[in-house]
Amino acid sequence: MFRPLWIEVDLKKLRNNLVRIRRCVGPSVKIIATVKQSAYGHGLVPVAKELLKAGADFFGVGSLEEAIALRQAGFKNPILVLSTVLEQYAAYFVKYKIRPTIVSVEFAQALNKAAARAHVKIPVHCKIDTGMGRLGFYYEDAYQFVAALRKLKNITLEGIFTHLPVADSNGNFTDYQIEIFGDFIKNLAKEGVRFPYQHCANSIGLIKYPRAHFNMVRPGLILYGIKPVFDAAMRLEPVLSLKSRVIFVKRIKKGMSVSYGRTYVAPRATTIATIAVGYADGYPWALSNCARVIIKDSFFKLVGRVCMDHVMVDVGNRNDINIGDEVTLIGHKGACTISAEDVAAWAKTIPYEIVSRLSLKIPRIYQNPHLKK
Ligand SMILES: *Cc1c(COP(=O)(O)O)cnc(C)c1O
């Protein structure tokens with residue numbers, strides 16, 4: 001690696017976060033560790049390996065590609081694809097023993113056919129809509145949907161789930177969703193339809209609504225030690241650090257400008273350090289003139305626009321900042337910390353976007369793996 005840009009992933013912190021989630025939900029609630037989009041940018045297989053050792057029951061992925069990648073890496077535990085795919089690909093769920101999310105009768109029929117051909121029964125999770133407005137029938141129309149699925153002999157209704165869009169911000173709506181989801185399950189049970197697994201809680205739902213745990217939860221962001229809201233009441237350890245190095249240093253005079261658009265004009269003579277990171281790496285252009293970085297235990301301000309491969313920081317009159325010095329863009333150094341939440345706030349986005357868009361070209365370095373086989 002010639003370009004000094006890398007990500008450090010602390011696997012011990014990842015395990016600690018899962019242990020805290022386990023403590024929060026109790027021993028009888030199953031955990032679907034959500035590892036979609038390369039484990040929120042942390043790296044799919046190394047993260048999945050560690051989560052499994054720390055007690056994850058299922059993996060939740062975003063695509064059939066990710067599910068197959070886990071199977072090909074040797075994982076044998078249950079994997080649920082949290083989205084849906086076109087029905088022409090149904091047979092892959094049978095071939096790789098992957099649980100699909102069912103949102104249409106047509107897909108279920110195609111799956112049923114593929115399972116019958118292979119002489120197996122395939123477990124599925126049905127998704128119903130209680131207010132997310134994304135995948136699945138609205139719960140009132142979902143009774144008929146479930147009735148149609150029951151006719152299919154080669155699928156097993158293993159799970160039923162829904163999703164909470166405002167667990168961070170609207171208690172009334174979230175309570176209402178939890179209630180109608182619970183009622184839906186009870187009404188079906190009266191007709192003799194039982195789903196072994198029932199789930200609706202993502203990270204924030206899990207923390208704020210114990211009633212939303214049912215018997216399975218789907219944490220994502222908090223596994224990685226990132227808080228979906230600032231006041232989330234769970235101790236978490238951030239897992240990922242983004243680091244680079246100073247690749248050039250120079251003095252500039254008062255009135256000289258830095259980067260495209262000349263949006264930064266030095267108000268005094270100062271020293272500018274150029275760092276090897278840019279928007280093509282997933283370091284947002286929106287951080288132009290507003291991020292901070294850590295060099296040698298101090299914060300410095302990013303000045304001018306973020307470039308494709310570079311950013312510049314104003315190091316003032318410090319004469320101890322040199323080419324090759326380590327720069328922390330996300331993470332901590334000495335007493336200074338920059339969280340993914342901080343970076344998201346500066347870029348006016350959400351921390352999910354910050355970590356999941358970190359380029360997969362950036363090398364990941366995995367620290368503190370669990371040593372027991
Ligand atoms: C991504 C996702 C989750 C995890 O959400 P977090 O907010 O990261 O905990 C849970 N459920 C579904 C359906 C998802 O798509």
Side-chain angles (χ1 to χ4, degrees), residues 14 17-18 20-22 24-25 29-42 44 47-48 51 56-67 70 78-85 98-103 124-137 139 158-170 174 177-178 181 197-210 212-234 236 238-240 339-341 344 349-358:
L14 180 73
N17 291 333
L18 185 65
R20 288 192 191 97
I21 294 167
R22 168 60 71 203
C24 170
V25 300
V29 172
K30 297 273 190 239
I31 298 175
I32 302 182
T34 303
V35 292
K36 65 185 180 219
Q37 291 297 348
S38 296
Y40 291 45
H42 293 61
L44 180 62
V47 163
L51 289 171
D57 300 291
F58 275 55
F59 290 129
V61 297
S63 65
L64 194 48
E65 283 83 347
E66 288 177 322
L70 286 174
I79 300 171
L80 174 64
V81 176
L82 293 167
S83 185
T84 185
V85 303
I98 293 160
R99 288 155 165 81
T101 288
I102 302 286
V103 293
V124 305
H125 288 225
C126 305
K127 180 149 202 196
I128 63 161
D129 186 14
T130 55
M132 176 73 183
R134 190 170 62 180
L135 296 173
F137 287 108
Y139 78 101
E158 181 187 66
I160 180 87
F161 73 110
T162 193
H163 200 42
L164 308 173
V166 284
D168 56 342
S169 56
N170 187 332
T174 304
Q177 283 191 283
I178 296 167
F181 181 57
Y197 295 129
Q198 304 140 18
H199 46 106
C200 71
N202 60 352
S203 290
I204 190 64
L206 184 161
I207 295 175
K208 280 179 70 171
Y209 299 86
H213 293 176
F214 291 85
N215 63 1
M216 194 171 228
V217 291
R218 305 188 304 268
L221 198 67
I222 55 175
L223 288 170
Y224 310 102
I226 302 170
K227 292 189 170 177
V229 291
F230 275 108
D231 62 348
M234 185 184 280
L236 296 166
V239 172
L240 176 146
S339 64
E341 295 92 313
T349 181
I350 52 176
Y352 294 85
E353 190 177 11
I354 296 299
V355 288
S356 69
R357 292 185 79 170
L358 289 173

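Just follow the structure's listing: the first ligand is 1, and inside any ligand the first atom is 1. Excluded from the calculations below are hydrogen atoms, water molecules and symmetry mates; all remaining heavy atoms, backbone and side chain alike, are included.
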inquiry  = I want to confirm something. Looking only at heavy atoms, which of Met132, His125, Lys36 is nearest to atom 14 (C) of ligand 1?
reply    = Lys36
request  = With atom 13 (C) of ligand 1 as the reference point, say which of Gln37, Arg218, His199 has the nearest heavy atom.
outcome  = Arg218
query = ligand 1 and Leu82, any nitrogen or oxygen pair closer than 3.5 angstrom?
reply = no
inquiry  = Please check whether Tyr40 reaches ligand 1 - meaning an N/O of the residue sits under 3.5 Å from an N/O of the ligand, judged on distance alone.
reply    =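 Indeed, backbone or side chain, Tyr40 has an N or O that close.
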key: ligand 1 contacted by Pro228 (non-hydrogen, < 4.0 Å)   =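 Heavy atoms of Pro228 never come under 4.0 Å of ligand 1.
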ask   = Leu221 heavy atoms, cut-off 4.0 Å: which ligand 1 atoms fall inside?
value =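 Listed by number with element: 6 (P), 8 (O), 9 (O).
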inquiry  = So if I count the atoms of ligand 1 from 1 in the order they appear, which ones are less than 4.0 Å from some heavy atom of Arg134?
reply    =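 So the answer, numbered in order with elements, is 15 (O).
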Verify, without hydrogens or angle tests, whether [X] (side chain) and [Y] (backbone) share a donor-acceptor contact under 3.5 angstrom.
X      : Y      : answer
Ser203 : Ile222 : yes
Glu341 : Lys227 : yes
Glu353 : Ala344 : no
Asn202 : Arg218 : no
His213 : Leu206 : yes

request  = Specify side chain, backbone, both or neither for Ser203, according to which of its non-hydrogen atoms lie closer than 4.0 Å to ligand 1.
outcome  = both
message = How far is atom 7 (O) of ligand 1 from the closest protein heavy atom, and which atom is that?
response = Tyr352 OH, 2.6 Å
request  = Return the residue, atom name and 0.1 Å-rounded distance of the protein heavy atom closest to atom 12 (C) of ligand 1.
outcome  =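 Ranked first by proximity to atom 12 (C) of ligand 1 is His163 CE1, 3.4 Å.
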Heavy atoms from other residues, nucleotides or ligands near CZ of Arg22 exceed 12 (cutoff 6.0 Å) =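 It does: Arg22 CZ has more than 12 such atoms within range.
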remark   = Distance col, row Phe59:CZ vs Leu80:CG, nearest 0.5 angstrom, shows 12.5 Å
